[in-house]
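All of these numbers come straight from a predicted model, not from anything done at the bench. FYI, the numbering just counts along the sequence from 1.
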Amino acid sequence: MEHQVFVPVPADRLATALADPARVARAVPGLQQDAGAPPVAGRLKLRVGGHSVTYRGTARVLAREDGTYTVEGDATEARGSGAVKLALTLRLADAEGGTTVTAEGGADASGRITELPADTVAAAAARLLTRFLEALGERAEEPRREAEEAPEAGRASVFDTEIPPSSLDPEADGEHGEGGAREPAEGVETPADDFTDTGVPPAEAAHARRTMIGRSAEEVDHAPPRGRYAPVPAPQTVSANQALKWAAPAAALAVASAIVVGRALRRRR
């Protein structure tokens with residue numbers, strides 16, 4: 001098997017990514033890594049035509065003295081007795097705008113994969129290798145992107161900006177006088193009933209403070225307003241029902257009195 005893939009990344013950066021097992025593992029498409037296992041270890045589902053075979057195994061990338069890289073992998077079927085042993089050699093060559101990667105080697109397989117057409121299996125393996133090398137090229141650019149996105153040295157951050165003191169802080173010394181209080185403009189008189197000047201709070205404020213002491217926040221929030229903000233009760237109006245309530249007994253009493261007087265006059269005659 002021989003397959004070439006163009007990667008738009010310089011050869012030195014791609015070589016650095018191949019030497020990093022963590023980036024190699026993230027570049028394998030569809031790899032589900034096992035916890036506590038080597039970086040390139042886990043489950044991989046291989047789609048061949050209309051079929052799919054799931055393998056569990058490990059892989060490693062080794063650098064040679066001649067500048068090439070060896071990819072070795074061993075895997076077994078997750079649901080079956082088949083196995084695959086992979087051995088590839090990767091050669092990196094500088095090209096215009098990137099790197100040309102040439103992969104040579106093969107694989108020994110047994111199990112379900114051998115029952116599928118050889119051309120379909122070779123196409124699926126070439127597609128998987130292409131996606132792996134392209135993803136590895138993206139991983140090789142990660143350090144450069146992080147360096148470009150990092151803030152320049154000496155640039156001020158919004159979190160380093162000094163926050164001015166609050167105008168409500170009585171201990172803050174501002175340009176408006178001692179205690180941060182703003183001086184009144186010339187010709188403007190301060191109200192005489194301002195308790196900030198007299199030191200004596202208004203009666204309503206003192207009453208509100210006495211009523212809130214010893215009460216929870218929920219009680220204070222739901223307490224009815226008092227003082228000038230207390231709701232005014234609606235005036236009570238006399239309804240017609242109350243007048244009729246006394247008119248009916250009075251009419252009955254008048255009728256009874258007329259009957260008694262009429263009977264008394266008849267007896268005298």
Side-chain angles (χ1 to χ4, degrees), residues 1-11 13-64 67-142 145:
M1 173 186 175
E2 183 175 349
H3 184 64
Q4 285 189 347
V5 179
F6 174 77
V7 182
V9 175
R13 295 180 184 172
L14 191 61
T16 303
L18 281 171
D20 186 358
R23 279 190 278 183
V24 170
R26 293 198 302 270
V28 178
L31 177 64
Q32 300 179 3
Q33 294 181 259
D34 293 338
V40 192
R43 296 164 58 94
L44 178 64
K45 179 182 290 187
L46 179 63
R47 296 186 179 277
V48 182
H51 305 273
S52 62
V53 184
T54 302
Y55 290 95
R56 179 186 295 275
T58 59
R60 54 189 175 275
V61 180
L62 303 176
R64 291 183 175 181
T68 61
Y69 293 85
T70 301
V71 181
E72 300 177 351
D74 296 312
T76 58
E77 293 181 5
R79 297 180 180 179
S81 58
V84 174
K85 188 174 183 180
L86 176 67
L88 293 177
T89 300
L90 303 180
R91 292 185 173 85
L92 310 183
D94 292 330
E96 184 178 358
T99 305
T100 301
V101 183
T102 303
E104 298 178 352
D108 296 332
S110 61
R112 294 179 54 191
I113 199 73
T114 59
E115 301 174 0
L116 304 176
D119 296 342
T120 306
V121 174
R127 183 171 60 253
L128 179 63
L129 183 60
T130 301
R131 293 177 58 190
F132 163 71
L133 293 174
E134 291 176 351
L136 186 63
E138 296 178 359
R139 298 294 183 271
E141 291 293 320
E142 288 179 351
R145 294 196 193 101

Would the distance check show the side chain of T130 and the main-chain N or O of A126 forming a donor-acceptor pair, the cut-off being under 3.5 Å? yes

Straight-line distance of R26 CZ to Q33 CD, nearest 0.5 Å: 8.5 Å

To the nearest 0.5 Å, what is the distance between CZ (R47) and CG (L128)? 12.0 Å

Answer yes or no: is there a side-chain heavy-atom contact under 4.5 Å between F132 and V5? no

With the side chain counted from C-beta on, respond yes when L18 and L92 share a heavy-atom pair under 4.5 Å apart, and no when they do not. yes

Any donor-acceptor N or O pair under 3.5 Å, side chains T54, R43: no

A135 to A27 - nearest heavy-atom pair and separation: CB-O, 3.5 Å

If you measure from CG on D108 to CG on D74, what distance do you get to the nearest 0.5 Å? 10.5 Å

To the nearest 0.5 Å, what is the distance between OH on Y55 and CZ on R79? 14.0 Å

Could you measure the distance from the CG atom of L136 to the CD atom of E141? Nearest 0.5 Å is fine. 11.0 Å

Which heavy atom of L88 sits nearest a heavy atom of L86, and at what distance? CG-CD1, 3.8 Å

Nearest heavy-atom neighbours spanning A109 and V84: CB-CG2, 3.9 Å

Quick one: pull up CG in D34 and CZ in R56 and give me the separation to the nearest 0.5 Å. 5.0 Å

Quick one: closest heavy-atom pair of T58 and A41, and the distance? CG2-CB, 3.6 Å

Closest heavy-atom pair and its distance - V7, G137: CG1-CA, 3.7 Å

Under 4.5 Å between any side-chain heavy atoms of V53 and V48, yes or no? no

Side chains of T89 and R64: closer than 4.5 Å at any heavy-atom pair? yes

When you measure from the side chain of E77 to the backbone N and O of R112, does any donor-acceptor pair fall under 3.5 Å? yes

Do L46 and I113 come within less than 4.5 Å of each other through their side chains, counting heavy atoms only? yes

Check: residues 96-106 side-chain donor-acceptor pairs under 3.5 Å, at least two apart:
{"unit_1": "T99", "atom_1": "OG1", "unit_2": "V9", "atom_2": "O", "d": "2.5"}
{"unit_1": "T99", "atom_1": "OG1", "unit_2": "A11", "atom_2": "N", "d": "2.9"}
{"unit_1": "T102", "atom_1": "OG1", "unit_2": "Q4", "atom_2": "NE2", "d": "3.3"}
{"unit_1": "E104", "atom_1": "OE1", "unit_2": "R91", "atom_2": "NH1", "d": "2.9"}

